[in-house]
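To start, the structure under review is shown below, and the notes come after it.
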Amino acid sequence: MNPEQQFGELVALMARLRAPDGCPWDREQTFDTIKPFLLQETYEVLDAIDREDWPDLASELGDLLLQVVFFSQMAAEAGHFTVSDAIAAINQKLIRRHPHIFVEQAGESNIRTEADVRKQWDAIKAGEKKRPAALLDAVPRALPGLVEAEQISSRAAEKGFDWKDSEQVLEKLHEELRELAAAKTSAETEEELGELLFTAVNLARHLNVDPEQALRRANAKFRQRFGHVERAVTAGGAAWEQTSLAEMERFWQEAKR
């Protein structure tokens with residue numbers, strides 16, 4: 001079966017599951033109840049990429065595609081749009097935002113570098129959108145915190161509201177650390193910690209590092225090293241409560257080597 005036939009089968013399967021005599025669970029779902037699964041599947045795709053597990057990535061991308069078909073089926077039932085409309089929209093968008101490939105003749109385009117492409121993409125995208133009431137209104141509040149922080153700080157930076165370089169951001173990071181240490185109440189601690197994290201995201205932006213991926217890699221490293229500590233404790237036959245912090249630190253340093 002070719003990809004077009006397989007996609008058609010997936011759409012038909014989803015319609016069957018949502019039919020009056022279909023699966024009770026699938027029929028009861030709404031846009032709101034399915035949203036958490038969309039987020040979960042997205043992170044599972046990222047995890048498969050981080051692990052470079054290509055068979056699992058194929059499976060997870062299939063799960064993610066199911067969410068697209070599920071939302072589109074519910075939208076079709078409500079008379080909003082069909083999955084064909086969604087596909088047509090992205091096809092048209094790709095052509096519209098790549099005029100140097102699909103519209104202009106060879107030799108006519110000034111687009112030569114990745115930076116040229118991004119600048120043109122942003123300009124075309126800005127022309128497509130209704131102007132928001134305020135610059136940052138275009139960034140959804142429902143985004144994960146790291147992503148929202150990166151997007152709103154990037155938009156402010158485009159207007160010149162930014163640190164000059166990463167050294168200035170590092171100075172601000174040290175300032176936020178001092179303010180966090182000086183916090184007196186839980187409310188002050190939360191506020192200062194939030195500002196520290198926001199500044200760290202800005203430092204990542206200045207260093208051209210994706211903060212989400214950096215954190216995910218740090219998480220993976222911690223998992224690996226703590227796994228070594230856990231195996232070492234278990235191999236020694238001691239219970240966790242009988243293992244001193246100094247001994248666990250020794251196992252941790254072993255894992256780093």
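What's counted below: heavy atoms across the whole structure, side chains too, no hydrogens, waters or symmetry copies.
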Heavy-atom pair with the smallest gap, counting every atom of [X] and [Y]:
X	Y	answer
D26	L17	CB-O, 3.8 Å
A75	F31	N-CZ, 3.7 Å
H206	S166	ND1-N, 3.9 Å
M74	Q29	SD-O, 3.6 Å
T243	A239	OG1-O, 3.1 Å
S153	A149	OG-O, 2.8 Å

Task: CD (E188) with more than 12 external heavy atoms under 6.0 Å - done: yes
TODO: Verify the neighbour count for atom CZ of F102: are there more than 12 heavy atoms of other residues, nucleotides or ligands below 6.0 Å?
DONE: yes
Task: Q168 (side chain) donor-acceptor with K164 (main chain) under 3.5 angstrom - done: yes
Heavy-atom distance under 4.5 Å between the side chains of [X] and [Y], does that happen here?
X	Y	result
V117	E114	no
L38	K35	no
L46	Q213	yes
V83	M14	no

Rounded to the nearest 0.5 Å, how far apart are [atom1] of [X] and [atom2] of [Y]?
X	Y	atom1	atom2	answer
D47	D53	CG	CG	9.0 Å
L61	W54	CG	CH2	10.5 Å
E190	E195	CD	CD	11.0 Å
E52	L57	CD	CG	10.5 Å
T30	F71	OG1	CZ	8.5 Å
T42	E44	OG1	CD	9.5 Å

Are [Y] and [X] linked, directly or through intermediate hydrophobic residues, by side-chain heavy-atom contacts shorter than 4.5 Å (ILVMFWY only)?
X	Y	result
V103	I111	no
L197	L146	no
I87	L65	yes
I95	I124	no
L143	V201	no

Task: All side-chain hydrogen bond (donor to acceptor under 3.5 Å, both in side chains) counterparts of R231, not counting sequence neighbours - done: none
- [ ] Ignoring hydrogens and angles, state whether a donor on the side chain of D116 or T113 is under 3.5 Å from an acceptor on the partner side chain.
- [x] yes
Open item on the list: We want to know whether T82 and D85 form a side-chain donor-acceptor pair, criterion being a heavy-atom distance below 3.5 angstrom.
Closed with: yes
TODO: Write out all pairs satisfying salt bridge (charged side-chain N to carboxylate O under 4.0 Å, His left out) with one or both partners inside residues 244-257, taking only residues at least two apart or from two chains.
DONE: E247-R250, R250-E254
Task: salt bridge (charged side-chain N to carboxylate O under 4.0 Å, His left out) contacts touching residues 14-25 (sequence neighbours left out) - done: R16-D21, R18-E77
Task: For F37, ring pair (Phe, Tyr, Trp, His ring centres under 6.0 Å) partners two or more places apart - done: W25
Open item on the list: So that I can tick it off, tell me whether K172 and E175 are bridged by a salt bridge, with the cut-off set at under 4.0 angstrom between side-chain N and carboxylate O.
Closed with: yes
Task: With sequence neighbours excluded, residues passing side-chain contact (heavy atoms from CB on, under 4.5 Å) with N208 - done: none
- [ ] Quick one: list whatever passes side-chain contact (heavy atoms from CB on, under 4.5 Å) with L196, sequence neighbours left out.
- [x] L173, E176, L177, L180, L193
Open item on the list: Let's go through W240 and F226 carefully: what are the C-alpha distance in whole Å and the side-chain angles of both, what is the deciding distance for ring-ring contact (aromatic ring centres under 6.0 Å, His included) to 0.1 Å, and is it a yes or a no?
Closed with: CA-CA 13 Å; W240 279 104; F226 189 78; 5.7 Å; yes
TODO: Please determine which of D165, D162, D210 meets the salt bridge (charged side-chain N to carboxylate O under 4.0 Å, His left out) test together with R205.
DONE: D162
- [ ] Any chance you could lay out the side-chain contact (heavy atoms from CB on, under 4.5 Å) test for R216 and Y43, step after step, and finish with the verdict?
- [x] CA-CA 10 Å; R216 287 176 62 82; Y43 279 109; 3.8 Å; yes
Task: Ring centre gap for H228 and W252 strictly below 6.0 Å - done: no
